[in-house]
Structure formats: structure tokens, C-alpha cells
**Q** 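The structure's right below; bear with me while I get my questions together.
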Amino acid sequence: MSRYNFRETETKWQRLWAERGSFTAQDDPTRKKYYVLEMFPYPSGKLHVGHVRNYTMGDLVARYRRAQGFNVLHPMGWDAFGLPAENAAIAEGVHPGKWTAENIATMRGQLQRMGFSYDWSRELAACDPDYYKHEQKMFIDFLAADLAYRRESWVNWDPVEHTVLANEQVIDGHGWRSGAPVEKRLLSQWFLRITAFSDSLLESLQGLDRWPERVRLMQENWIGRSEGARVTFELAAGALAGDDQTGDSIEIFTTRPDTLYGASFLALSPHHPFAQRLAEKNPALAEFVADCDRLGTSEAAIEAAEKRGYATGIEAIHPLDPSRRVPVYVANFVLMEYGTGAIFGCPAHDQRDLDFARKYGLPVIPVVLPPGEDPASFAVGDTAYVDDGTAFNSDFLDGLAVADAKRAVGERLEAIGVGRRTIQFRLRDWGVSRQRYWGCPIPVIHCPDCGIVPVPEDDLPVELPADVSFDKPGNPLDHHPTWKYVACPYCNSPSQRETDTLDTFFDSSWYFLRFCSAHAPIAFGRKAAEYWMPVDQYIGGVEHAVLHLLYSRFFTRALSKCGYLGLEEPFAGLFTQGMVCHATYQNQAGDWLFPEDVNEGGGGKLVDSAGAAVTVGRLEKMSKSKKNVVGLERIVETYGADTARLYLLSDSPPERDLEWTETGIEGIWRYVNRLWRMATEPEAALPAPGTAIPADLSPGLAGLRRQIHKTIAAVTDDLDKFRFNRAVARIRELTNALDDLPAGDPGAGAVLREGLETTALLLGPMMPHLAEELWQTLGRGEWIATASWPAADAALARDDQVTIAVQINGKLRATLDLPRDTEKGAIERAALDLPQITRLLEGKAPKKIVVVPNRIVNLVA
RNA sequence: GCGGACGUGGCGAAAUGGUAGACGCAGCAGACUUAAAAUCUGCUCUCCGACAGGAGGUGCCGGUUCGAGUCCGGCCGUCCGCACCA
């Protein structure tokens, strides 16, 4: 019995495809294009099976669309800037560039070993100056277009590492590496004006109908549009003792301007400029503000934190009733980053305001009357009333419903010039400055005379210096003895380079455009981009639902505004695949163990290499820290690339998490060998390729042929809809049927040939090496890589006999085999004639009979 | 708190409102073998029954329908995203 030699076969086909350049994409405007892309990986060391699942899906789509005749672009590259390279430099003393290049080499080899149909001629790496010089030019163009700017901003500052931390690097208010409490610091940082596109980014989500609903929802929430009003409160005269502050005012944002008559205080963020100014003269307030800054920003810290306010003693004048005054507080729960950094409190109709009012003894004035309540007796207890109702205690608004009151008060505020209706977004501008070495240098120079000036385009790229040391905390660029000292390109004064580098999300926001013309001297050729873009099918993890996917949508708009292309949405279709999980193992000491170090110890118990008992933990996403990773090398060495690929496609729906099991992949390996034997040792002699199939087949063979064509139709539909696990099941059903071939019937060999060839074509996108080898074994000349996707013959796929279920009161009692499209009356008679049915009906006629042709009969007794 | 997804055998899962559990994993029995592996055949939702056959069954309660895993309402549970957002 022959065994499939995957080593030889897979290497052979990989070589042949490469020699012929089977997957090199040519720009050809006469052909329909299809751009399929998987999120490019960070070169962290080695590929794990989670990566491979993602790329297997992408490769399936690429090969499937190629077979359908599309001109397919399927490129791969490296998201090669990032902190792990610097951590490796600190820990192991290896240069980040060297570390990254070595990882890329390893991972490229692994990808090639998997047989993915990438156009390697377009490979790129973000850390290559030939790549990042283009994003330096983009940054300068963004500056000119006012899409990039510099401002002071409150950031997470790690006092031990001397660097800004991203939100995800702050865990429970502490730096993830140093463990030091993170402080809020006001620093000058570069920002990209993503908020300039808030409306467009939100509205265009509607049109992304090939995106998962939940990703669109997450972006919608992130952008967070709310309608409301900005209202100006004048401060009472003499607000600041010893300082002439008359005429000062505070602008607040509210979504409930209809409750303005219920105002009983104003609250300012501790970072509000007015609060800061007051704090300069008021040590107690300064202490309060400092206290607020020490508070963590984590969820737990916020939940635990008490709502606290500092009464400034200042009063504000109610904008709609100048006779009324409300006290001004500085409060720890008001965010400077949202709205205007100041709010008015209406305790009766906002729970947090109510809690605050109760704590500080402020009045609670109800101004929205719930339906059915008496205005004379309605009062708010411990729960604010936030629902719809009728305005009262509100002068000209009295009697209006909430929505009408909002409109009326908006008009009045605008008429008397104390406010205006606005739309507020939650989205904030994107801070891109990072105090790190291994990133793209921000191409600006700080000149004492000219100010902050862009590096002239002729001087690009600003390359990272190779000779850096990581022996001091902080940014090596800042410590570098020479790199940052330059002459101003405009006035020649001694100046300094910007030493911050760009957030690595900048790199990944346009790589899909670079792939369209990867060797162009400019960032990308407009014609090539407009041919290939948008990406027809993008595939990646849901963890980028907001960050990368939102930034890329912004970039496409920003680049279009700067004249690079004319496009808004980069990704027409998006698929977010599930993670690959594995059980976790711990020894008695609590150390994590690699799965390959855990063995069956008899009696269902698991033991480690020393024979000691092992605790099995829960299924978790594969991660280095818990060691529940499966090495790709061993899998590919043992079973081959095709087996791994089919397993990753077959076991779970692609959007769901998949549990990696050794028994699962063994099952696929058995299937691979079974297919191999069926083709190399066929049960019936196969006629020459292309031989016509006899028309007068036995019923068994006719049924088998029908199944072949049904399978083609079903698999095609499944692949279109990303139901890969079902497609695999259909193909395996066909394999089972072919294995039960009525081998003695005339024409058996011809039907078997059609079945095996179909199977090879359908498996082509999933197990490309085996498919090619089967195809060749069956005597076909051309390659699957260039063969067309099979077409189902509708006439052949059609059933001439159908099984109809017979129910009594909705319960299945019998089945009925009848010719397809038998008339209702005939079906009904046949059902009533069934002995089980006559017995169960006991001679009584059913009250009602429902007949669905070709499907079901339901007798209502 | 707000938003979303999901809940089906021992396990991964199938099922345009129409025969629940396809396909696979694991398990059991058998064939082949000196033996094992590999391979092949059969069985495998639960309960009653020797069989035939019946009864029940898709987290729980109710509804719509001739008919509900699927649609609607309300619970319970799990997971995910956002969140002092005014």
C-alpha cells in the first residue's frame, strides 16, 4: 500500500510554481482583478499555527479566484518596526535591525514551506528605508495639508522608563514593564487629524456591506457621534479675588440642553485651562488637581474612585435666566478630552450629577415630568429620571416633549448668542509620537530661528542611525552623540532633529497601497493603485477592528486629499477569523509546559517528561507566555503543509476559535492517504483523460454523477460565503461516495475519473500540492494552478427522485420516495396509503393536510 | 452601565421555518495480522423494548405557525467590545 510522500511532492510543486512564476501578478487593465490580502505579520520570531490559519484562508481565496479567471494580487510583507525588537536589543544585545531581518528570513521560509501562492516579487518590510522614506514624504504632505500638527497633550508617562506609553501598555494604572504608577503628563506630541474625517468615517460604514456587522459597530461606537449643544456660562463679577476676571466665561457641552433649567452646578475638568489658572493661585485646588492626576485611568481604578469635587467659590450666571447663579466645581470625573472639558450638572436627570449633588448638598430641580406624574408632587429620590417626558419648571419649554424641547432651547440659545447646537464626536486625533528607536523617524527639524521645519524632500529618507546603544533608559535617538544635531536646512542655524519616531500603526496604514507597485520610486503609482484597489478581500484578526482598520480608512482619505489617489475605502470586503487555541499545561510547581513535553501517563492521566502529574488548564489563545503553542516545524515535518492547511480549514467555522488537537490533524492525514490510494490504485480502470461518460449509467453510477455535480455547486457556494468547514465536509462526502463505487458497472471507471478529477480541482485551493499531484497522476497535462474552476451541470445535479417526510401533527411518522415534482394530490394520496399512516389515523380523516412539494406532508389529525 | 455575539451528542460541528446531529474526532465491536501499527466493516443523542416499534430531546419559560434549533417576548449563562463620554 503506497503512502503519499508529501515531502517530495510539496517541495517539487513549490519549485515548479516558483520557476514558472505562477503567482506573479501583472497589472492588466483588460482583466478583472481580485486583490486578496491577509494582515501582514510582525516578525516576532517564528510563525505559529494561528498565523497559518489566517494565511491558509487567504490562500484559499487567492487560488479560488485565480481558478475563476480573476487577475489575482496576493502579496505578503512585514510589519517590521516595533517594540519587541528593542526589547530583544535590551535583553540580548542584538541590534533590532539584525534581530528583525533574521526573523523575517525564518518566517519567509516557513511561509514558502506552506506553499502559499504569494507574489514574492512584491515583498516589503516597513523597516526598509525604501519603504519608510515614502511615509516621511506623506508626513510632510500631511503637515502641508494641515492633517498633521503638533500640540501639547496629556499622555501616559512612565517615570521609570522615561517614555510615553500607549493605552494598551498601561495595566491597572501601572507601566507594563516597569510596574511604576503611570502619570499624566503634558507633552508636545505629533497628531494626525483623523477627526477631520469623523463624519465620512462614520457614514461610509453603512456602505461596507461586506464587513462583519460587529466590526462596523465597534467603529461606530469608537467614533461616537452625539448631538447636543455648546452653551456659554458667564462668570459672576469678581470671580477671582484680587484679579479682574469679569467677562470670563466657561463653555460646556451637553446632550441634554432641554434640561438647562434644572442646572445646579458647573463642573470643570482638573485639566481645564480655567481650573489650571485658578490652581496657580490656590494651593488647595492645586493639591486637588495633583490628586486627580495620581488616579489611574484603568477601569478598576475608575470604578473604585470616588466622585470628588472642589468648590471654587466662583459662581456662573445661568444663560437663560441671569437672575440665577450656579456654583462652579472642579471635578475628578470630567474629562478634558471630551466636549469642552466642562459640563453643567442637572441632578434630576443624570445619575452621576445626582450622586454629586447629594454629596455636596446641591439642589435637585426636576424639569422633565414622566408621563402620568403630577407636576406638583413629582420628586426625584435616589434615581435620576433619564427617560422621555414633558418639560416643566422650564419657562418657555414647559409642555414640550424632550426632542421638541431640545430643538426649542437650541434655537433660543443661538438667537440670544449664548450657545449653539453641535455634533460631538468621541473620536480623538491620533497621537503618533513615540519615544522609541525602532520606528520611522519623524522628518522634522527643530530650529531655534525658523521653528519646527519639515526636512526637505531631497534630504529624505531620514535614516535611523545604525550605531545605537540601549544601555540607558529612554530613547536611544535622543542619547545619540551626533545623529540629532544638524544644521537647519533653511537658515543653517545649529538645530536638532525630532527624535520621536512614528507609531508603527502609521506603517501599516498604507502598505496595501505599496503592494500595488512595490518597486515604484514614489510611494505607489496612482494608476496601479486605482487598478488594484480596493482590496477585495482582507483577512485578519478582530483585534484590529478599531485601530488598524480605522487608521487605514483615515489614511486612504488623507492620501486622497493630498492627491495620491481618489479613493475613500481601502477594504471592500473584510473577514475576521477566529483564533487558534490550545489547552494549557502546568506541572506541580505551577510552571507552564509545552504540549510536546506532556505525555499520556496511562489511565487518562497526563504526565511531564519526568513522569510527574500535570494539571490541564483551560483552552486559551496560543501564547508564548503560557507555552500552549504548537511548533509549525514539527507539524509540517510530520504531516506536511497540505494536511495542516486542510485541518485548519475543516475543523471549525473560520470566524470561530479553533482548538488545535493532534488527533484532528491525524484524521486529515488519514484522509490524504486515502485520496492518494484512490487515485493511484483505483477500484475501476480509469479511461483516458477526456473520455466521454456513457449516457446509460446504472442507477448507482447515475446517482454518483449527480452527487459530483451537486458537490461542485455546493462547494462553490460555500467558498463564496466563507463556509470553508462545510465545503470540506461536502468534499469528504463525495470521497466517501466514490469509495463505495459500484465498480463492476459499465462506465464505473469513467465516473470515478470524473469524481477524482473534480475532487482534485475542488481541493486545489485547500491542498494545492496534493491536488496538483493527483491531477498529474490522473494523467492531466496542465496544472491545477492554471486550471479553471469546475462548473456544475445543473441538469446532472438535479434529483429525479425525492424523499418526502410524512408527519402527523408535525411529528415524523414515515417517509415517501416519489419522483421529483409529483403533484400535491398524488403526494397526499401516497401519504394516506402508507400502512403506518392509516394505522395511526385509525380510519379518521385528517382535519387538514399541508403539502409542500418535494419536501413534506403534514397531516393534522 | 451601554452595545454585540453565542448557547445543539463525550468533543469540533451540520441543518433556505419542513426527516435534528451531515462531515469529522474520540469510543466500542469485528475482519486482516503470530502480534502491533496501518487498513477495512459495523455500531455510537437519551429512555423503554429481544426485534418491530414507541417516547423524549437543540440553556430555561412562554408565544406565533399545519410545523420552531431557526421567528417573536421574557429569563439564565458564557464570551467580546466600549465606558467617569456629560
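Below, read A as the first sequence line, B as the second, and so on, with proteins coming before strands; counting in each chain starts at 1.
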**Q** Taking only the P atom of each, what is the distance from U65(B) to C72(B) in whole angstrom?
**A**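 Straight-line distance between the two P atoms is 16 Å.
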**Q** So, is R225(A) close to the C85(B) phosphate, meaning a side-chain N or O under 4.0 Å from OP1 or OP2?
**A**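 False: R225(A) side-chain N/O out of range (4.0 Å or more) of C85(B) OP1/OP2.
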**Q** Under 3.5 Å between N/O atoms: give me all the protein pairs with nucleotides 56-64 of chain B, atom names plus distance.
**A**
{"unit_1": "G56(B)", "atom_1": "OP2", "unit_2": "K811(A)", "atom_2": "NZ", "d": "3.1"}

**Q** With 3.5 Å as the limit, what N/O pairs link the protein to nucleotides 65-70 of chain B?
**A**
{"unit_1": "C66(B)", "atom_1": "O2'", "unit_2": "N858(A)", "atom_2": "ND2", "d": "3.0"}
{"unit_1": "C66(B)", "atom_1": "O2", "unit_2": "N858(A)", "atom_2": "ND2", "d": "2.7"}

**Q** Side chains of N854(A) and D821(A): any donor to acceptor distance under 3.5 Å?
**A**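 N854(A) and D821(A) do have a side-chain donor-acceptor pair below 3.5 Å.
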**Q** Taking atom C1' in both U39(B) and C47(B), what distance in whole Å separates the two?
**A**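 It comes out at 36 Å once rounded to the nearest Å.
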**Q** Relative to the 5' end of RNA chain B, which residue comes earlier, T815(A) or D350(A), by the nucleotide with the nearest heavy atom?
**A**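 Closer to the 5' end of RNA chain B: T815(A).
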**Q** For G24(B), which nucleotide is its Watson-Crick or G-U wobble mate, given both distances must be under 3.5 Å?
**A**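 Pair assignment: G24(B) / C11(B).
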**Q** Taking atom C1' in both G49(B) and G54(B), compute the distance separating them and give it to the nearest angstrom.
**A**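 Pairwise C1' distance, G49(B) against G54(B), rounds to 9 Å.
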**Q** Would you say the side chain of P319(A) lies within less than 4.5 Å of the side chain of T232(A), judging by non-hydrogen atoms?
**A**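 SC-SC contact between T232(A) and P319(A) ruled out.
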**Q** Pairing check on C51(B): which nucleotide meets the Watson-Crick or G-U wobble criteria with it, both distances under 3.5 Å?
**A**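 Across all strands, not a single nucleotide pairs with C51(B).
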**Q** So, OP1 or OP2 of A5(B): does either fall under 4.0 Å of a side-chain N or O from R216(A)?
**A**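 No, R216(A) has no side-chain N/O under 4.0 Å of OP1/OP2 on A5(B).
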**Q** Using the P atom on both, measure C60(B) against C11(B) and round to a whole Å.
**A**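 Result for the P pair: 16 Å, nearest Å.
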**Q** With F6(A), which residues qualify under ring pair (Phe, Tyr, Trp, His ring centres under 6.0 Å), at least two apart?
**A**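 Listed in chain order: W669(A).
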**Q** Tell me whether the count of non-hydrogen atoms from other residues, nucleotides or ligands lying under 6.0 Å of CD in E655(A) goes above 12.
**A**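 Enclosed.
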**Q** Got a sec, which residues hit ring pair (Phe, Tyr, Trp, His ring centres under 6.0 Å) with F333(A), two or more places apart in sequence or on another chain?
**A**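 With neighbours one apart ignored, the set is F356(A).
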**Q** Quick one: look up who U65(B) pairs with, Watson-Crick or G-U, both distances under 3.5 Å, and put none if it's unpaired.
**A**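 Result: none.
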**Q** Please name the nucleotide paired to G81(B) by Watson-Crick or G-U wobble geometry with both distances under 3.5 Å, or report none.
**A**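 Per the H-bond distance test, C2(B).
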**Q** So, is G9(B) syn or anti if syn means the angle is within 90° of 0?
**A**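 Syn, which is what one calls it when the glycosidic angle falls within 90° of 0.
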**Q** Between C85(B), G18(B), G54(B), which nucleotide has the shortest distance from any of its atoms to the side chain of I856(A)?
**A**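 The listed nucleotide nearest to I856(A)'s side chain is G18(B).
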**Q** Side chain to side chain donor-acceptor pair (under 3.5 Å): which pairs involve residues 806-815 of chain A, sequence neighbours left out?
**A**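 Output for this query is empty, none listed.
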**Q** Whole Å only: how far is the OH atom of Y338(A) from the C1' atom of A83(B)?
**A**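 Result: 12 Å.
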**Q** Classify the nucleic acid contact of G224(A) as base, sugar-phosphate or nothing, counting any heavy atom under 4.0 Å across all strands shown.
**A**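 Here G224(A) touches no strand at all.
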**Q** From the list A26(B), A83(B), C84(B), which nucleotide is the closest neighbour of the side chain of W222(A)?
**A**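 Closest nucleotide to the W222(A) side chain: A83(B).
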**Q** Can you tell me which nucleotide in A55(B), A22(B), C80(B) comes closest to the side chain of A729(A)?
**A**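 Side chain of A729(A) sits closest to A22(B).
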**Q** Rounded to the Å, how far apart are E666(A) CD and A26(B) P?
**A**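 My rounded result for the distance is 7 Å.
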**Q** Within less than 4.0 Å of OP1 or OP2 of C85(B), is there a side-chain N or O belonging to R352(A)?
**A**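 R352(A) to C85(B) OP1/OP2: side-chain N or O found under 4.0 Å.
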**Q** Apply side-chain contact (heavy atoms from CB on, under 4.5 Å) to P363(A) and list each qualifying residue two or more places apart in sequence or on a separate chain.
**A**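 Only S264(A), I365(A) meet the side-chain contact (heavy atoms from CB on, under 4.5 Å) criterion with P363(A).
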**Q** Pick out the pairs of N or O atoms, protein on one side and nucleotides 7-13 of chain B on the other, that lie under 3.5 Å.
**A**
{"unit_1": "G12(B)", "atom_1": "O2'", "unit_2": "D651(A)", "atom_2": "O", "d": "2.6"}
{"unit_1": "G12(B)", "atom_1": "O2'", "unit_2": "S652(A)", "atom_2": "OG", "d": "2.9"}
{"unit_1": "A13(B)", "atom_1": "O3'", "unit_2": "N725(A)", "atom_2": "ND2", "d": "3.4"}

**Q** Going by ring pair (Phe, Tyr, Trp, His ring centres under 6.0 Å), name the residues that satisfy it together with Y551(A), two or more places apart in sequence or in a different chain.
**A**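 Partners of Y551(A) under the ring pair (Phe, Tyr, Trp, His ring centres under 6.0 Å) test: W430(A), F505(A).
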**Q** Considering only side-chain heavy atoms of R732(A), which listed nucleotide, A86(B), C40(B), C23(B), is closest?
**A**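 Nearest listed nucleotide: C23(B).
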**Q** Given that both distances must come in under 3.5 Å, which nucleotide forms a Watson-Crick or G-U wobble pair with U58(B)?
**A**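 For U58(B), the partner nucleotide comes out as none, under the 3.5 Å rule.
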**Q** Taking atom types as they are modelled, would you say the side chain of R855(A) forms a donor-acceptor pair with the base of U16(B) within the 3.5 Å cutoff?
**A**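 Yes, a donor-acceptor pair under 3.5 Å.
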**Q** Which residue pairs pass the side chain to side chain donor-acceptor pair (under 3.5 Å) test when at least one of the two sits in residues 340-358 of chain A, sequence neighbours left out?
**A**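 Every pair satisfying side chain to side chain donor-acceptor pair (under 3.5 Å) with a residue in residues 340-358 of chain A: Q351(A)-D355(A).
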**Q** For T735(A), enumerate each residue passing the side chain to side chain donor-acceptor pair (under 3.5 Å) test, keeping only those at least two apart in sequence or located in another chain.
**A**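 By the side chain to side chain donor-acceptor pair (under 3.5 Å) rule, T735(A) matches Y671(A).
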**Q** What nucleotide, of G54(B), G81(B), A86(B), holds the atom closest to the side chain of S226(A)?
**A**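 Of all the options, the side chain of S226(A) is nearest to A86(B).
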**Q** Please work out whether the ring planes of F722(A) and F724(A) are parallel, tilted or perpendicular, with thresholds of 30° and 60°.
**A**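 The arrangement is tilted - the two ring planes meet at 30° to 60°.
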**Q** For a quick check of understanding: with a heavy-atom distance under 4.0 Å over all strands, which category does R723(A) fall into, base, sugar-phosphate or nothing?
**A**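 Counting heavy atoms under 4.0 Å across all strands, no contact is made by R723(A).
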**Q** Can you tell me how far P of A14(B) sits from NZ of K721(A), to the nearest Å?
**A**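 Answer to the nearest Å: 15 Å.
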**Q** Mind checking side-chain contact (heavy atoms from CB on, under 4.5 Å) for A814(A) and listing every partner two or more places apart, or none if nothing turns up?
**A**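 With neighbours one apart ignored, the set is V806(A), L834(A), Q836(A), I837(A).
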**Q** Looking only at atom P, what distance separates U16(B) and G21(B), rounded to whole Å?
**A**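 Between the two P atoms, the distance is 13 Å.
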**Q** Where the side chain of T663(A) is defined as all heavy atoms beyond and including C-beta, which of G81(B), A26(B), G54(B) is the nearest nucleotide?
**A**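 Among G81(B), A26(B), G54(B), the one nearest the side chain of T663(A) is A26(B).
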**Q** A86(B) base to R256(A) side chain: any donor-acceptor pair below 3.5 Å?
**A**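 There is none.
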**Q** Heavy atoms only, 4.0 Å cut-off, all strands: where does T661(A) land among base, sugar-phosphate and nothing?
**A**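 Nothing: the residue T661(A), judged by heavy atoms under 4.0 Å, touches no strand.
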**Q** Does the structure show a Watson-Crick or G-U wobble partner for A37(B), both distances under 3.5 Å? Name it, or say none.
**A**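 Looking at the geometry, A37(B) pairs with no nucleotide.
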**Q** Provide the distance between the two P atoms, one in G9(B) and one in C45(B), to the nearest whole Å.
**A**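 Their P atoms lie roughly 13 Å apart.
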**Q** What is the nucleic acid contact for V542(A), judged by heavy atoms within less than 4.0 Å: base, sugar-phosphate only, or nothing?
**A**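 Contact class for V542(A): none.
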**Q** Mind checking the C1' distance from G73(B) to G18(B)? Whole angstroms is fine.
**A**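 G73(B) and G18(B) have their C1' atoms separated by 24 Å.
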**Q** Quick one: label D353(A) by what it contacts on the DNA or RNA (base, sugar-phosphate, nothing), any heavy atom closer than 4.0 Å.
**A**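 Here D353(A) touches no strand at all.
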**Q** So, for Y329(A) and Y360(A), is the gap between ring centers shorter than 6.0 Å?
**A**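 That pair passes the under 6.0 Å test.
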**Q** Can you sort out the partners of W211(A) under ring pair (Phe, Tyr, Trp, His ring centres under 6.0 Å), two or more places apart, ordered by chain and number?
**A**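 By the ring pair (Phe, Tyr, Trp, His ring centres under 6.0 Å) rule, W211(A) matches no residue at all.
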**Q** Could you say whether Q836(A) or L217(A) is positioned toward the 5' end of RNA chain B, judged by the nucleotide with the nearest heavy atom to each?
**A**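 Its nucleotide being nearer the 5' end, the pick is L217(A).
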**Q** Please check if any side-chain donor atom of T803(A) sits under 3.5 Å from a side-chain acceptor atom of D817(A), or the reverse.
**A**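 Indeed, the side chains of T803(A) and D817(A) share at least one donor-acceptor pair under 3.5 Å.
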**Q** Which value, in whole Å, describes the distance between the P atoms of nucleotides A14(B) and C23(B)?
**A**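 Here A14(B) and C23(B) have their P atoms 14 Å from each other.
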